[in-house]
Amino acid sequence: MSNIVLKEAEGVLQTNGEPPTGLPNCRERDHTDIVYDVDANSIKLGYRRLVKPVLKDLSFFSLVIFIGAALFDPLWRNSIQAIITQYMYAFVGFSAVCVGVLMYMVSARSSIYLIDFGCYRPPNIWRFPAAAFMEHLQLCGLFDDKSLDFQRKILERSGLGEQTAMSYGFHYLPPKISLDSEREESERTLFAAVEELLSKTKIEPLEIDVLIVNCSCFSPVPSISAMIVNKYKLRSDIKSYSLAGMGCSAGAISVDMAKNILLANPNTTALIISTENMSRNCYFGNNRSMLLTNCIFRVGGAVALLSNKSTLKKHAKYQLITTVRTHTGADDKSYNCVYQEEDENGLTGVNISKNLMSCAGNALKVNITRLGPIVLPISEQLRFLAHLIAKKFSGAEVKKQPYIPDFTKAFDHFCIHTGGRAVVQELENRLRLRPEHTEPTRMTLHRFGNTSSSSMWYTMGYVEAKGRVKRGHKLWQIGLGSGFKCCSVVWRALKNVDRSEKGAWSDCIVGYPIHVPDVVPI
C-alpha cells in the first residue's frame with residue numbers, strides 16, 4: 001500500500017498533468033469492463049445467498065433419506081453391509097497410508113537439524129599460564145596484597161590448566177583496554193570461528209536467513225550482528241538479533257530462539273554465534289566478589305548452523321529434540337547473585353555472591369522438573385509417580401527426601417556449562433551423576449576455562465573429538481546464567497560422528513582425560 005502511495009505522489013509532482021506510468025487510468029477504462037465486474041459480483045453474491053443454502057439443504061435431505069433407507073429397508077441394509085465388508089480392508093489400508101503420510105509431513109516440517117558447529121581455538125600467543133598470570137597481576141600495580149593473595153587461592157583451586165587464554169590487550173602492561181581492543185578481540189574470535197564453520201559445511205553466506213549473536217558484556221554500536229553482516233555481506237532481508245546481558249546461559253537460549261523462528265519459517269537456515277568479550281569483562285579493583293571473573297573466565301567463542309530444510313538432513317549431525325527454559329528472576333536472591341555494578345571507586349565489575357550455588361541448584365531443579373516428563377523413559381516416570389504417592393501418605397522423613405530421576409537412562413552424554421569447579425560439582429551432586437558423565441565439562445574447564453555462553457559447545461566438541469557420539473545417542477546441553485536462568489537443549493545424533501582432524505580440540509585431545517588435583521600450588 002505504501003508503494004502505491006509513493007507512486008501516486010510521484011504522479012502528482014509531474015508537470016504535464018498525465019497520470020503516473022504503471023498505474024491504471026480509470027478515465028480510459030472500457031464500460032464493458034465495469035459491467036463485467038458488476039455481473040461477476042452479482043453472481044458471487046447470488047451464490048452465497050441462494051445456491052449455497054440450497055445445496056446444503058439437498059445434501060442434508062439426501063443424507064437423511066439414505067440413512068432411513070439403510071435402517072428400514074432390508075435390501076438396502078444388506079447391500080450396504082456387503083459394500084462395507086468388501087471395501088473395509090481397502091479403506092483401513094488407505095486410511096493408514098494417509099495418516100502415515102500426514103504424520104511424516106508434519107514431523108518433517110517441524111524437524112530442526114544441527115548441520116555442524118565449531119569452536120574458536122585462541123592462538124598460542126594468547127596463552128596465559130597461572131604463574132605468568134599472577135606475575136602479570138602483580139606487575140600491573142592495580143591490586144593490593146590481599147586481592148593478589150585471594151586471586152592466587154582461587155586460581156589454585158579453579159581447575160584451569162596452563163593452556164587457557166586471555167585477550168591480547170590483557171598482556172600489555174598496563175593492560176590495553178579500550179573500545180578498539182574490545183572490538184578487535186570480538187572480530188578475531190568470531191571471524192575465525194565463522195569461516196571454519198562455513199568451510200566445513202560448504203554453506204554460502206547468502207544462504208543464511210537468520211543470524212543470532214549473543215555476548216553479555218560487550219554491546220557496541222553497530223551491534224556484533226551488524227559486524228557479521230558487514231564482514232560476510234549477508235542478504236539485506238536477513239533476520240538478525242543481538243542478545244546482550246543474558247549471561248552464560250545465552251548459548252542455550254539462542255538455540256531456543258532459533259527453534260521458535262525455524263518452526264514459524266519453513267526452509268530456513270540460522271547461524272548462531274556465542275561469545276564473551278574478556279577485554280570488557282576484566283575487573284581492576286579490589287572487591288573480592290568481583291575478582292572471581294578474572295580468575296575463571298577466558299577467551300572463547302562458538303558458532304552453530306541450524307536448519308529445517310529437508311535437503312540438508314543428510315548433511316546434519318544432530319536433530320533437535322526439545323528445549324526447556326527456566327527463569328527464577330522473580331526471586332531477589334536469584335536476581336542479584338550475579339550482578340554487574342560499580343565498586344566504591346567507580347570501577348565496573350560483575351559481583352558474584354555466595355548464594356550462587358543455591359540459586360543455580362534451584363534453577364536446575366525447576367528446569368529438570370519440566371524436562372523430565374519429556375525425555376525420561378516410562379519406567380523412571382512411574383518411579384517418580386510412586387515416590388509422589390509415597391510422599392503424600394508417608395511420614396515426615398520421606399517427605400524430606402526429594403526424588404532425583406536417573407537421567408543417565410535418558411541421555412548418553414552430558415554437556416554442562418563450565419561455570420567453575422564448584423558449579424560442576426554442584427550439578428553432579430544434584431543430578432546424581434558419576435565422574436565419567438562430567439568428564440567433558442571438567443576437561444573443557446581445564447583446557448579452555450569458563451568461556452561463558454560458548455562453553456556448552458566446547459564440551460560437546462570434546463565428546464565428538466573422543467569419538468564417543470554414535471547414531472541415536474542423546475546429548476543434553478545445560479546452560480546456567482545470570483538472572484538466574486537455566487536452559488536445557490536436547491539433541492539426537494543422526495550419524496556416527498567421526499573424529500575431526502580440525503577443531504578446537506584437535507591439537508590436544510590425545511592428552512585427555514587427565515587428573516586435575518583439587519589444589520595446584522602457584
Side-chain angles (χ1 to χ4, degrees), residues 110-119 197 210 212-214 241 243 246-263 269-275 300-308 316-327 360 363-376 407-408 410-419 423-424 427 430-431 433 437-438 440-441 444 451-464 468-469 472-481 483-494 497:
S110 60
S111 297
I112 297 174
Y113 306 105
L114 173 59
I115 310 303
D116 209 337
F117 69 95
C119 300
L197 179 65
V210 179
I212 302 175
V213 181
N214 65 78
Y241 307 89
L243 306 182
M246 301 295 286
C248 300
S249 61
I253 291 174
S254 296
V255 175
D256 179 77
M257 183 177 181
K259 179 196 74 172
N260 294 328
I261 295 174
L262 293 177
L263 288 176
T269 300
L271 179 65
I272 297 175
I273 301 178
S274 299
T275 187
V303 292
L305 191 67
L306 277 65
S307 181
N308 56 8
K317 286 184 176 181
Y318 305 93
Q319 181 177 354
L320 182 63
I321 303 302
T322 188
T323 59
V324 175
R325 290 177 58 178
T326 301
H327 201 312
L364 177 67
K365 178 182 177 181
V366 177
N367 189 269
I368 63 176
T369 302
R370 293 179 52 197
L371 179 67
I374 302 174
V375 299
L376 288 174
F407 281 97
T408 60
F411 303 110
D412 301 283
H413 307 285
F414 298 83
C415 306
I416 303 171
H417 164 57
T418 58
V423 174
V424 177
L427 267 65
R430 291 268 182 169
L431 297 174
L433 301 177
H437 296 136
T438 57
T441 304
T444 301
T451 57
S452 189
S453 59
S454 62
S455 65
M456 69 178 196
W457 296 110
Y458 282 93
T459 308
M460 195 169 176
Y462 177 89
V463 179
E464 283 192 359
R468 298 174 181 175
V469 181
H473 280 189
K474 290 183 179 180
L475 296 86
W476 183 13
Q477 291 180 319
I478 305 176
L480 296 166
F484 197 87
K485 299 179 289 294
C486 179
C487 186
S488 293
V489 181
V490 181
W491 303 97
R492 181 175 64 241
L494 298 176
V497 180

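Along the sequence shown, the residues carry numbers beginning at 1.
For the atom pair CZ (Arg430) and CZ (Phe407), the distance works out to 13.0 Å, reported to the nearest 0.5 Å. Atom OH in Tyr113 sits 4.0 Å away from atom OG in Ser111 (nearest 0.5 Å). Atom CG of residue Leu480 and atom SG of residue Cys486 lie 4.5 Å apart, to the nearest 0.5 angstrom. Atom CD of Glu464 and atom SG of Cys119 lie 9.0 Å apart (nearest 0.5 Å).
Qualifying side-chain hydrogen bond (donor to acceptor under 3.5 Å, both in side chains) partners for Ser249, counting only residues two or more places apart in sequence or in other chains: none. With sequence neighbours left out, Tyr241 forms a ring pair (Phe, Tyr, Trp, His ring centres under 6.0 Å) with no residue at all. For the side-chain hydrogen bond (donor to acceptor under 3.5 Å, both in side chains) test, residues two or more places apart in sequence or in another chain that qualify with Thr323 are Asp256, Lys259. Applying the side chain to side chain contact (heavy atoms under 4.5 Å, CB included) test to His437 and every residue at least two apart in sequence or in another chain returns Thr408, Phe414, Leu433, Arg434. Every residue two or more places apart in sequence or in another chain was checked for a ring pair (Phe, Tyr, Trp, His ring centres under 6.0 Å) with Trp491, and none qualifies. Not counting sequence neighbours, the partners of Ala258 by the side chain to side chain contact (heavy atoms under 4.5 Å, CB included) test are Ile212, Ala270, Ile272, Leu306. For Cys487, the side chain to side chain contact (heavy atoms under 4.5 Å, CB included) criterion is met by Ala252, Ile253, Arg325, not counting sequence neighbours. Looking at residues two or more places apart in sequence or on another chain, you find a side chain to side chain contact (heavy atoms under 4.5 Å, CB included) between Ser453 and Asn214, Ala250, Ser274. Contacts of Asp116 classified as salt bridge (charged side-chain N to carboxylate O under 4.0 Å, His left out), with partners at least two apart in sequence or in another chain: Lys200, Lys317. The ring pair (Phe, Tyr, Trp, His ring centres under 6.0 Å) test applied to Tyr318 returns no partner, not counting sequence neighbours. The side-chain hydrogen bond (donor to acceptor under 3.5 Å, both in side chains) test applied to Thr269 returns Ser307, not counting sequence neighbours. Under the ring pair (Phe, Tyr, Trp, His ring centres under 6.0 Å) criterion, His413 pairs with His473, not counting sequence neighbours.
For the pair Thr441 (side chain) and Ile416 (backbone), a donor-acceptor distance under 3.5 Å is present. At least one donor-acceptor pair under 3.5 Å links the side chain of Asn308 to the backbone N or O of Leu262. The backbone N or O of Gly300 lies less than 3.5 Å from a partner atom in the side chain of Thr275, making a donor-acceptor pair.
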Stepwise, does the side-chain contact (heavy atoms from CB on, under 4.5 Å) test hold for Leu243 with Val213?
CA-CA 6 Å; Leu243 306 182; Val213 181; over 6 Å; no
Go through the steps to decide whether Trp476 and Cys415 satisfy the test side-chain contact (heavy atoms from CB on, under 4.5 Å), and finish with yes or no. CA-CA 6 Å; Trp476 183 13; Cys415 306; over 6 Å; no
Stepwise, does the side-chain contact (heavy atoms from CB on, under 4.5 Å) test hold for Leu427 with Thr438? CA-CA 9 Å; Leu427 267 65; Thr438 57; over 6 Å; no
Check: Between Phe411 and Val490, is a side-chain contact (heavy atoms from CB on, under 4.5 Å) present by the stated rule, with each step listed?
Finding: CA-CA 9 Å; Phe411 303 110; Val490 181; 3.6 Å; yes
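Leu320 places a side-chain heavy atom less than 4.5 Å from the side chain of Val489. Side-chain atoms of Leu371 and Thr322, non-hydrogen and from C-beta on, do get closer than 4.5 Å to each other. No side-chain heavy atom of Ile478 sits under 4.5 Å from any side-chain heavy atom of His417. Counting heavy atoms from C-beta on, the side chains of Tyr462 and Arg468 come closer than 4.5 Å. Residues Leu475 and Met460 form a side-chain contact, since some pair of their non-hydrogen atoms from C-beta on lies under 4.5 Å apart. Between Val210 and Leu271, the closest side-chain pair of non-hydrogen atoms is not below 4.5 Å. You'll find the side chain of Leu431 reaches within 4.5 Å of the side chain of Ile368, heavy atoms only. Counting only heavy atoms from C-beta outward, the side chains of Leu114 and Leu305 never approach each other to under 4.5 Å.
Checked by atom type, the side-chain pair Ser454/Thr451 shows a donor-acceptor distance below 3.5 Å.
When all heavy atoms are compared, the tightest approach of Leu197 to Gly118 is CD1-N, 4.2 Å. Minimum heavy-atom separation, Ala360 to Phe484: CA-CE2, 3.6 Å.
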